[in-house]
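For reference, the structure discussed in these notes is given below.
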Amino acid sequence: MGAALRWTSGPYHVFHTALCFGFAAATLIQSIGHISGGHINPAVTFAYLVGSQMSLFRAFFYICAQCLGAMAGSAALYGVTPNNMRGTLALNTLQPGISLGMATTVEVFLTMQLVICVFAVTDERRNGRLGSAALSIGFSVTMGHLMGMYYTGAGMNPARSFGPAVLMRNFINHWVYWVGPMIGGAMGAILYDYMLFPRMRGLSERLATLKGSRPPEAENQQDGRGEPIELKTQTL
């Protein structure tokens, strides 16, 4: 968010802000992917829940942790930034002329493309995965910001929008940055897991995953793969 602060007058530097968000996402995912799965976005976590790839218990606490982390990060940025430069602390707001419907739709599609990218590059069924999954996700975040900042500030991540909203005590139209990304995340999960590359799993297996009690054979298959997949988590 520090890259989105206005330090100079003149045109807004959308390109360098978008790159910073993208590289930050890629760096964090690459750094903690093997520890927690690299879930730093409630919309992505919700998408994994919709796709029955994560337990409800873990998803709830992940989203809580993401929001707490966002508040801590916003507080740190607030503390190290001079008073005259804080502004709205990069608070996501609707740009002039953008209606609530337009903004929500933009957030839906920005998040949907991100979730499809996440699902695709971290899919353990994919043969011959090339390149870095973390970098691919980072580029997806960058692309979303290059377009979305002109409309909504490019939320895409409800936690990112939540942090500065709490610090600045400004929740005007804040629901857009939750409803849009959550719908987009769910749509991305459904599109990938049920249409683009369907997962042939029965209802009982999906329910077991949501409850955190995967069948033994599924656990054995995961243990045998050997390689951790970024943004994939074991269910509790």
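For this chain, numbers begin at 1 and follow the sequence in order. Not measured: the values here are computed from a predicted model.
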Shortest non-hydrogen separation from A189 to V115 and the atoms involved: N-CG1, 3.8 Å
Backbone N/O of L135 and side chain of Q30: donor-acceptor pair under 3.5 Å: no
For the student: nearest non-hydrogen atoms of W7 and G2, plus distance: NE1-O, 3.9 Å
Criterion side-chain contact (heavy atoms from CB on, under 4.5 Å) on T105 and M102, from CA distance to verdict: CA-CA 5 Å; T105 302; M102 293 176 182; 5.9 Å; no
Chi angles and distances behind the side-chain contact (heavy atoms from CB on, under 4.5 Å) call for Q53, R201: CA-CA 11 Å; Q53 299 187 55; R201 292 186 295 173; 4.0 Å; yes
Full working for salt bridge (Lys or Arg N to Asp or Glu O under 4.0 Å) between R206 and D193: CA-CA 12 Å; R206 291 182 180 275; D193 262 358; 5.1 Å; no
Any side-chain heavy-atom pair of V14 and H145 under 4.5 Å: no
Charged tip of R86 within 45° of Y78 ring normal and under 6.0 Å: yes
Considering all heavy atoms, the nearest M1-L89 contact: SD-O, 4.2 Å
Ring centroid separation F119 to F197 under 6.0 Å: no
Greater than 12 external heavy atoms within 6.0 Å of R125's CZ: yes
Residue pair I137 / I29: nearest heavy atoms and the distance that separates them: CG2-CD1, 3.6 Å
Over 12 non-hydrogen atoms of neighbours within 6.0 angstrom of CZ in F171: yes
Side-chain donor/acceptor of T209 to backbone N/O of E205, under 3.5 Å: yes
For A25 against I40, the heavy-atom pair lying closest together: CA-CD1, 4.2 Å
Donor-acceptor side-chain pairing of Y177 and N157 below 3.5 angstrom: no
Audit row: R160, E107, salt bridge (Lys or Arg N to Asp or Glu O under 4.0 Å) steps and yes/no: CA-CA 13 Å; R160 176 264 182 268; E107 288 294 319; over 6 Å; no
F60/L56 under side-chain contact (heavy atoms from CB on, under 4.5 Å): CA gap, chis, key distance, verdict: CA-CA 6 Å; F60 173 77; L56 182 61; 5.7 Å; no
From F57 atom CZ to L49 atom CG, the distance as rounded to the nearest 0.5 Å: 13.5 Å
CA sep, side-chain torsions, deciding dist, call: Q95, Y150, side-chain contact (heavy atoms from CB on, under 4.5 Å): CA-CA 7 Å; Q95 299 301 311; Y150 294 105; 5.6 Å; no
